[in-house]
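Order of listing sets the numbers, starting from 1, for every ligand and every atom in it.
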Amino acid sequence: MIRIDNLTKIFETPNGPVTAADHINMEVPEGEICVLLGPSGCGKTTTLKMINRIIPSTSGKIFINGEDTTGMNTVELRRNIGYVIQQIGLFPNMTIEENIAIVPKLLGWDANRYKARAKELLELVALDPSIFLKRYPRELSGGQQQRIGVARALAADPPVMLMDEPFGAIDPINREVIQDEFLKMQQELRKTIMFVSHDIDEAVKMADRIAIFRGGRLVQYDTPDDLLAHPVDDFVESFVGDDRALKRLRLVQVSQVMEPVTTVSPGDSLKVALERIEQQGYSHAILMVNERNQPIGYVSRSVAQTTNGLCGEHYFGLKADTRPEDDLRKVASLMFNHDTTWLPCTDEHGVLVGQVTQRGITHYLGATYHRDAPVSLAQTLQQISA
Ligand SMILES: Nc1ncnc2c1ncn2[C@@H]1O[C@H](COP(=O)(O)OP(=O)(O)OP(=O)(O)O)[C@@H](O)[C@H]1O
Ligand SMILES: [Mg+2]
């Protein structure tokens, strides 16, 4: 756990004092990722560097696992804090293995142990040890160097990690990949992490909580969903972006908005299908399932109204389906691609467990937007296509 209490930094400069951090109060619970987010110069790096005392604070206190760090010696403090610096900062004259082993060597690990650890960490950040251990930083791409930066910070397995834009030099596609890898890693490692970013999408994806900074002040500290649903002021609102409804979709799973669904079987008559469509108030169609309750298609209202016969003779194939753990961003995208307002949801055996509808999604988002008009999925879909 990291607790920051009235932390302040005033730099004295030839042009007068600069307040880089202004009475910051916040707490990062154990095992969580807190993302510090804000425009350039708002004090993110300064706040981070006060925690491992690379920058001495002007006033205020920092507690790690309940212990006031003021009295701790610097070496002891930094041993427990992994640090990924903004400019990567690998030592150019050392191999990757030596770079990763810096802290373990300081801690007196023997060669076998730190070499094994370097190998293990390269695998963790998805770089082949047989290729990279003996290379020098200049022989790596920017993104690969950043991975080494992360591996180096993890070397001595510190409980607390400070990461300053750790994926900033990685192209968008590989960035998503390394973010996913990192989150998977974090599920096991459960480090307490302060992570600096100026990318709202990265923050929403990575954070348990987001801290928005502006001009040295902490202006909002909330879960990603609360931040997107209730920005405290115009600055935060414009910072999170006017597509914030769309960003929220990524945070909600199908299971949270899933509804029960009424179906027909291939042996049911189209008359039955029409009755059920009307009873349920379905606008266009009804889902058809096989004897194992697996969706196989749908019967449209217009066909049921104008045709006689059995559902199994007059159905359309399924366009797509979803899983309970899918996020709504994926669902919205599927709905948009297939021009549909609902999708069935199935378990890992393809068995129907419910449906997700545009109306259900809009209702869910609207119910948590106390202050705003509900955002319609249609608006959101327009943003996807824009
Ligand atoms: N050593 C220093 N001396 C004087 N002013 C400094 C010093 N370091 C930082 N500052 C100022 O403090 C403010 C906060 O800087 P900081 O590096 O914390 O910003 P940041 O939020 O990390 O920005 P970025 O996103 O660009 O990395 C800025 O106005 C910066 O100019
Ligand atoms: Mg910075």
Any idea which protein heavy atom is nearest atom 27 (O) of ligand 1, and the distance to it? Gln86 NE2, 3.0 Å
Is at least one protein non-hydrogen atom found at under 4.0 angstrom from atom 13 (C) of ligand 1? yes
Geometry only, no angles: is Val18 polar-contacting ligand 1 at N/O separations under 3.5 Å? no
May I ask whether Gly38 places a heavy atom under 4.0 Å from ligand 1? no
Atom 25 (O) of ligand 1: the protein heavy-atom neighbour that sits closest, reported with distance to 0.1 Å: Lys44 NZ, 2.8 Å
Taking N or O atoms only and a 3.5 Å limit, does Phe11 qualify as a polar contact for ligand 1? no
Would you please determine whether Glu165 falls within less than 4.0 Å of ligand 1 on a heavy-atom basis? yes
Side chain to side chain donor-acceptor pair (under 3.5 Å), that's the test. Do Asn65 and Glu67 meet it? Break it down for me. CA-CA 6 Å; Asn65 293 330; Glu67 199 180 338; over 6 Å; no
Counting only heavy atoms from other residues, nucleotides and ligands, does the tally under 6.0 Å from CD of Glu188 exceed 12? no
Check ligand 1 against Ala20 and write out every atom of the ligand that is under 4.0 Å from a heavy-atom position of the residue. 12 (O), 13 (C), 14 (C)
Protein heavy-atom partner closest to atom 26 (O) of ligand 1 - residue, atom, separation in Å: Ser40 OG, 2.5 Å
Distance to the ring centre below 6.0 angstrom and angle to the axis at most 45 degrees; does that hold for Lys9 and Phe11? yes
Using a 4.0 Å heavy-atom threshold (strictly under), name the region of Thr13 that reaches ligand 1: side chain, backbone, both or neither. side chain
Please identify which atoms of ligand 1 are closer than 4.0 Å to at least one heavy atom of His198. 25 (O)
List ligand 1 atoms under 4.0 Å from Thr45, heavy atoms only on the residue side. 17 (O), 18 (O), 20 (P), 22 (O), 27 (O)
More than 12 heavy atoms of other groups within 6.0 Å of Arg359 CZ: no
Any side-chain to backbone donor/acceptor pair from Glu176 onto Ile173? Under 3.5 Å, distance only. no
Less than 3.5 Å between some nitrogen or oxygen of Thr46 and one of ligand 1, yes or no? yes
For atom 29 (O) of ligand 1, closest protein heavy-atom neighbour: Gly41 O, 3.7 Å
Using every non-hydrogen atom in the two residues, find where His314 and Asn308 come nearest and quote the distance to one decimal. NE2-O, 3.6 Å
Within less than 2.8 Å of the Mg ion (ligand 2), any N, O or S from Thr45? yes
Shortest non-hydrogen contact from Ile24 toward Leu218: CD1-N, 3.8 Å
For a salt bridge (charged side-chain N to carboxylate O under 4.0 Å, His left out) check, start with the C-alpha distance between Asp268 and Arg276, then their side-chain angles and the critical distance, and finish with the verdict. CA-CA 11 Å; Asp268 288 327; Arg276 289 190 191 158; 3.5 Å; yes
When you measure from the centre of the six-membered ring of Phe167, is the NZ or CZ of Arg175 under 6.0 Å away and within 45° of the axis? no
Stacked cation flag Arg117 on Tyr114, 6.0 angstrom / 45 deg: no
Atom 8 (N) of ligand 1 touched by protein heavy atom at under 4.0 Å: yes
